[in-house]
Structures are given as C-alpha cells and as structure tokens.
Enquirer: 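The structure under discussion is supplied below as structure tokens; questions concerning it will follow.
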Amino acid sequence: MILPPSVPELVDLDLLLCVERLGSLSKAARAHAMSQPTVSTRIQALERRLGLRLLERTYTGCSLTPSGRMVAQWARGVVEAADKLAAGTAALRDVQRGRLRLVSSLTVADNLMPCWLIELRERLPHMAVELQVRNSRDVVEQVAAGQIDIGFVEDPCDHSGLAQVVVGGDELVVVVAPGHPWAGRTTPVTRAELTEVPLVLRERGSGTRETLERALGGLDDGHPHLELGSTNAVKGTVLAGAGAAVLSRMSVRSELENRELVQVPLAGVRLVRQFRASWRRNVELSPAAQILVTIASRKAPETTHLQARHTTGRSLAGVDAA
C-alpha cells in the first residue's frame, strides 16, 4: 500500500496533540524543544496538506476547531501506534544484545528444549541464553522469586504469583525390562497392581513423580521404592532389571523402538499431563520469551484431547511475533 501525499508527518500530528493538551503554541514549542515560529509554520503546513483549518486563536492562546478536534482524535491512535512501534523495535534491539534466563524441568529440557533453542537462535542469533534444569517444584520457586525470566514445567504450577500457558501435552507410560514378569503380559496392569509393587521413581518434586502420585491417589511409602534424581538414572536402573517405572513416552521412545524396554498396558489410570510456560504474573514477558513460547506452542507434542490454551485469562497477543 502506497500512502497518499495528504498523509501528515508524525511529528506534525504530535505537535497538534501537544497544542490540544497544553492550549498554546509556545508551550507546545517548549515541549518539543522548537521555536514558536517553527511550530506555527508546521501547523500551517499541516492545515494546507489536509485542506482543513485546525486551530483558532483565543485571548489565552489557541484551541482546536471542530475539524481540529476530529483530526486530533484520529491522530492520537496513529501517534500511539508509532510509540508502540518504536518501543517494540527498541526492545527487540535490546533482546538481540541481551540474555534470556530459562529454567526447565528435566523432561522438557531433555526432549523438547534443544529444538526450541535451535529455532530461537535462528531468529535471535545474538541472544545469549542461560538454561538451568531443575525438577518442577524448583522451577516454580525460581520463577516466582524473579531469578528467571520464564520456566517450563509439567502440569499446573500451583502458585498464585505465576501466570502460565499450556504449550503441549505428554503421556506417561509404564516400562519394564524385557525379562520382567510384566513384559509378556497380555492383560493390562491395574491401578491396584501398580500401587502394590516397588517402583523406580523420580525424586519428590519431579513433575513425572507428581503426575503419577496424583493419578494413583498417592504411593504406598511402605514399599521399598527406588528414588532417583534423573530420568536417565531411572531408565538405567529399569534396564538393569530393578523393577517397573512410569516415565514420559518421549524419554523412552528410543528404548521402546529398540526393544530395550517394554511398555506395559495399563487399565483404569489416566497418565496424561500438560507442559506449561510460567512467568511472574505482573511482569510483562520480554519479546524473546514471547518468541520462545510461540516456538514451544508450535513444536511441543499434543495429546489428541489437549489444545494449547491460556489458563490465566491474560492475552499473549505479542507472542507470535516473528
């Protein structure tokens, strides 16, 4: 679209709004660090360009004509949009020279974050990124404390000071080594059976652990469970024949395809969770963080019944900026 010659310059619209607000050409001139004759000349040129009389002289200064008030009403939106454009491009320049601090749960960090960061680097090649990996409980605490710009966890982060948005879905599966008694089962394992055996578990505070406990209504602490601090440690222990584990399907995809682990069918238990981006509720996301949320929402897997949706009612209108 080519703008017609009658479209005013932004500075002239801004001067008109300043005259409306201050009621004087001289005051508008001081506000813009211009001389009064310069402001007067620019307003007269604006009137000629528009073919409208915009100002009328009064005993105390000047005021806008009815046409001038109408033009000022339209000009206000144009000037505000220009301010947003200037602020946004300045923020993007800062982003390209800045640092984005992330914290993520282990499942997201190991299985999803690498491809997200590759695309983020393509879009913002000068952005320095710092990623910390913690369990979900620690992620929430760090984000709430303002130590991190944005965090990624599994399932809701129950903290009143945080906003969050769902970026994808995940399924947990029961896995065992090929020599385990459950490996050859033709009938699904029941909820009762899963709660009655020792399991190889992630540590307390892990999103995987909390999803499992919520689905089962808790775990029997009387069993000699093995609690390990990483998914790889859990997988290695299960591969060695120590028992069954419940892990993200993404994290055991390779082992299942290579038949190093066997997925055990499960009945009566729904092991589906959501991945969420979280940040402090009253803090505006930086352009870089918004771009990362957009990338995550597009690239993260979704279960068939999950769709990315905002869970706090806040708008992320700027999130899909290129």
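For reference, positions follow the sequence shown, starting with 1. It should be emphasised that the depicted structure is a prediction, and the values quoted were computed from it without experimental measurement.
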Enquirer: Do Gln132 and Arg134 have a side chain donor and acceptor closer than 3.5 Å?
Expert: yes
Enquirer: Does Asn258 use its side chain to pair, donor to acceptor, with the backbone of Glu260 at less than 3.5 Å?
Expert: no
Enquirer: Heavy atoms only: give me the nearest Ser251-Asn111 pair and the separation to one decimal.
Expert: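 Distance-wise, the nearest heavy atoms are CA-OD1, 3.6 Å.
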Enquirer: Could you give the distance from NE2 (His126) to CZ (Arg121), rounded to the nearest 0.5 Å?
Expert: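 Reported value, rounded in 0.5 Å steps: 10.0 Å.
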Enquirer: Provide the closest heavy-atom pair for Leu162 versus Arg281 in the form atom of the first, atom of the second, distance.
Expert: O-NH2, 2.9 Å
Enquirer: Kindly work out whether a path of hydrophobic side-chain contacts (I/L/V/M/F/W/Y, heavy atoms less than 4.5 Å apart) joins Leu52 to Leu64.
Expert: yes
Enquirer: For a quick test of reading the model, state the closest non-hydrogen atom pair linking Ala28 to Leu22 and the distance between them.
Expert: N-CD1, 3.9 Å
Enquirer: In terms of side-chain heavy atoms, does Gln147 have a donor or acceptor partner in Arg101 at a distance below 3.5 Å?
Expert: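 On atom types as modelled, these side chains do not qualify, holding no pair under 3.5 Å.
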Enquirer: Taking all atoms of both residues into account, what is the closest heavy-atom pair of Gly151 and Val139, and its distance?
Expert: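 Nearest pair, atom of Gly151 first, then Val139: CA-CG1, 4.0 Å.
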Enquirer: Can a salt bridge be assigned to the pair Arg298 and Glu119 using a cut-off of 4.0 Å between side-chain N and carboxylate O?
Expert: yes
Enquirer: With side chains defined as the heavy atoms from C-beta onward, is the minimum distance between Leu102 and Val129 less than 4.5 Å?
Expert: yes
Enquirer: Kindly work out whether a path of hydrophobic side-chain contacts (I/L/V/M/F/W/Y, heavy atoms less than 4.5 Å apart) joins Val264 to Val175.
Expert: no
Enquirer: Are Arg137 and Glu141 close enough for a salt bridge, meaning some N to O gap below 4.0 Å?
Expert: no
Enquirer: Is a side-chain donor-acceptor pair under 3.5 Å present for Asp170 with Ser248?
Expert: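 There is such a pair between these side chains.
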Enquirer: Any luck finding a side-chain donor-acceptor pair between Thr38 and Ser35 under 3.5 Å?
Expert: yes
Enquirer: If you group Ile, Leu, Val, Met, Phe, Trp and Tyr by side-chain heavy-atom gaps below 4.5 Å, do Leu247 and Leu106 land in one group?
Expert: no
Enquirer: Regarding Thr208 and Arg273, do their side chains bring together a donor and an acceptor under 3.5 Å, going by distance alone?
Expert: yes
Enquirer: Just checking, any donor-acceptor pair under 3.5 angstrom between side chains of Glu154 and Ser136?
Expert: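 Yes - a donor-acceptor pair under 3.5 Å links their side chains.
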Enquirer: Is there a path of hydrophobic side-chain contacts, each under 4.5 Å between heavy atoms, that joins Ile118 and Val293?
Expert: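 Ile118 does not cluster with Val293.
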Enquirer: Can Thr107 and Ser105 be counted as having a side-chain donor-acceptor contact under 3.5 angstrom?
Expert: no
Enquirer: Answer yes or no: is there a donor N or O on one side and an acceptor on the other, between the side chain of Arg191 and the main chain of Gly268, under 3.5 Å?
Expert: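 Side chain of Arg191 to backbone of Gly268: a pair is present.
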Enquirer: Determine yes or no for a side-chain-to-main-chain donor-acceptor pair under 3.5 angstrom, with Arg185 supplying the side chain and Pro188 the backbone.
Expert: yes
Enquirer: Between Arg202 and Glu210, is there a side-chain N and carboxylate O pair less than 4.0 Å apart?
Expert: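 Answer for the salt bridge query: no.
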Enquirer: Should Val11 and Ile43 be regarded as members of a common hydrophobic cluster, given that ILVMFWY residues are connected when their side-chain heavy atoms come within less than 4.5 Å of each other, either directly or indirectly?
Expert: yes
Enquirer: So how far is it from Arg42 CZ to Leu13 CG, rounded to the nearest 0.5 Å?
Expert: 10.5 Å
Enquirer: Taking Arg53 first and then Glu47, would you say they form a salt bridge - that is, a charged N and a carboxylate O separated by under 4.0 Å?
Expert: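 Here Arg53 does not pair with Glu47 in a salt bridge, since their nearest N and O are not under 4.0 Å apart.
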Enquirer: Closest approach of Ser104 and Leu131, non-hydrogen atoms and distance?
Expert: CB-CD1, 3.9 Å
Enquirer: For the backbone of Leu261 and the side chain of Glu255, can you confirm whether one donor and one acceptor N or O come within less than 3.5 Å of each other?
Expert: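 It does not hold such a pair.
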Enquirer: If we ignore hydrogens and angles and just use 3.5 Å, is the side chain of Thr211 paired with the main-chain N or O of Gly207 as donor and acceptor?
Expert: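 Indeed, once roles are kept as given, a pair shorter than 3.5 Å links the two residues.
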Enquirer: Of the non-hydrogen atoms in His225 and Leu199, which two are nearest, and what is the gap between them?
Expert: ND1-N, 2.9 Å
Enquirer: Quick one: does any side-chain atom of Ser40 pair with a main-chain N or O of Gln36 as donor and acceptor, under 3.5 Å?
Expert: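 Answer holds: no.
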